[in-house]
Number of protein chains: 2
Amino acid sequence: MDKTAFLSQAEQHCLRLGNRLTALRRQVLELVLGYPGVVKAYQVLADLQKERGVAAPPTVYRALDFLVENGLLHRVEALNGFIVCEHFDCPHEGLILVCARCGGVTELDATGPMAALRDASAAAGFAVAPQNLVLTGTCQSCQA
Amino acid sequence: MDKTAFLSQAEQHCLRLGNRLTALRRQVLELVLGYPGVVKAYQVLADLQKERGVAAPPTVYRALDFLVENGLLHRVEALNGFIVCEHFDCPHEGLILVCARCGGVTELDATGPMAALRDASAAAGFAVAPQNLVLTGTCQSCQA
DNA sequence: CTGGTGATGTTATAGGATAACATTCAACTC
DNA sequence: GAGTTGAATGTTATCCTATAACATCACCAG
């Protein structure tokens, strides 16, 4: 999907959820989209400052939080970062694989394995919330 | 296992790995042990300052890192915290369940479900490293 | 117009982690 | 026992991440 199409679909998606993809939020999403993998809040902040002169942390954090809440981004806690979710319109649980060597990131669907984890947790009386999983390891090209 | 026994077993465990559980490291481990669940680095730092007057962040971070490397603690990244590993002497992959309501933490063995995740990842050419999994949700007593 | 609501701007600060360098300590060799 | 070496710890400073608190603005409904 190209960038323009992604953005307009994202906008529709937010509308369906009763939220507005404002100019600022759109701009932040676009910036994150410009990175191949995980990007940090302060990197986005720096980019935003280049584009509009001034910007403070809360501005970018609010936009990022909004995008996460609307499913357009995943927050990668282990890395203090954010990554675009390519398939925000179908409900899913992502499996985010982070390469410890190159820092690259792959996203898989984890609905199946998540069910197994949910079962194991339910046996202990714990109700697992919908969420993404982050695993570290080594990606294909770094295994050489 | 009581505290004293745990500490002396921990010491033996480190020795087997060729490392030393020094007085400082032991003291930090003891402090973490004093908490029922997850504890933050700066909380440990504050405790350490109470006990020995002065202490700087690197002191406690170095000790915590050492304890994690030797399997005595788990790092809970989603919470910026640390938690004691009760069974450091048998190799395992932990499943750490964090209650979003009360902050309580439970640790389960996740060797089975982890294998499923590893398979799914291997299909994408990604080699998952041994690690613990952190999931958020709601614990039994908070589900009422 | 006016009041209300959601979004954004602004300032300040809290909280988490590490770099870089100095010093001390334990163990080993000679 | 003196010297040497490497690990561990002390010390200072700083960077990165995140949010609280309050001010302002834009928009729409009545």
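The model shown is predicted, which means the values in this text are computed figures rather than measured ones. By convention in this document, chain letters (A, B, ...) are assigned in the order of the sequence lines, proteins followed by strands, and residues within each chain are numbered from 1.
Each of A:Ala63 and A:Pro57 was assigned the nucleotide of DNA chain C with the nearest heavy atom; the assignment lying further toward the 5' end belongs to A:Ala63. Of the residues near DNA chain D, A:Tyr42 and B:Ala56, the one whose nearest nucleotide (by heavy atom distance) lies more toward the 5' end is B:Ala56.
We find that CD of B:Glu77 is positioned 21 Å from P of C:dG15, with the value rounded to whole Å. In this structure, the CD atom of B:Gln43 is 14 Å from the C1' atom of C:dG16, given to the nearest Å. Nucleotide C:dT13 holds its P atom 19 Å from the OH atom of A:Tyr61, rounded to whole Å. Rounded to an integer number of Å, the gap from A:Leu45 CG to C:dG9 P is 12 Å. Atom CG of A:Leu67 is separated from atom P of C:dT8 by 10 Å (rounded to the nearest Å). Atom CZ in A:Phe66 sits about 10 Å away from atom C1' in C:dA7, given to the nearest Å. Summarising the geometry, the separation between CG on B:Leu79 and P on C:dA17 is reported as 11 Å, rounded to the nearest angstrom.
In summary, the aromatic rings of A:Tyr61 and A:Phe66 are positioned with their centroids too far apart to meet the 6.0 Å limit.
In this structure, A:Glu107 and A:Leu95 have side chains that are not in contact, with every pair of non-hydrogen atoms separated by 4.5 Å or more. For the pair B:Leu73/B:Ile83, no side-chain contact is recorded, criterion being any heavy-atom separation below 4.5 Å from C-beta on. The shortest distance between side-chain heavy atoms of B:Arg62 and B:Arg25 does not fall below 4.5 Å. Side-chain contact between A:Met114 and A:Leu133 is present, with heavy atoms from C-beta onward closer than 4.5 Å.
Of the side-chain N and O atoms in A:Arg62, none sit less than 4.0 angstrom from OP1 or OP2 of C:dG9. When the side-chain nitrogen and oxygen atoms of A:Arg20 are compared with OP1 and OP2 of C:dG6, none of them lie within a distance under 4.0 Å. Distances shorter than 4.0 Å separate some side-chain N or O of B:Arg75 from OP1 or OP2 on C:dA17. Phosphate contact (OP1/OP2 of C:dA17, side-chain N/O of B:Asn80, threshold under 4.0 Å): present.
In this structure, the nucleotide among C:dA19, C:dT8, C:dA17 sitting nearest to the side chain of B:Pro58 is C:dA19.
Within 4.0 Å of A:Thr59, counting heavy atoms only, lies at least one base atom of the nucleic acid.
Judged purely by distance below 3.5 Å, without hydrogens or angles, the side chains of B:Asn80 and B:Tyr42 never pair a donor atom with an acceptor atom.
The pair A:Arg26-A:Glu11 counts as a salt bridge, with a side-chain nitrogen and a carboxylate oxygen less than 4.0 angstrom apart.
Residue A:Gln140 qualifies as open at atom CD: its count of foreign heavy atoms under 6.0 Å is 12 or below. Within 6.0 Å of CD in B:Gln9 there are more than 12 heavy atoms belonging to other residues, nucleotides or ligands.
Mapping heavy-atom proximity under 4.0 Å, the span of DNA chain D touched by chain B runs 5' to 3' from D:dA8 to D:dT12.
Annotation: the terminal axes of the helix from C:dC1-D:dG30 to C:dC30-D:dG1 meet at 10°, where each axis is the rotation carrying the C1' atoms of four end pairs onto the next four (5 pairs per end, rounded to 10°).
Heavy atoms only, all atoms of each residue included: A:Arg75 and A:Asp65 are closest at NH1-OD1, 3.5 Å.
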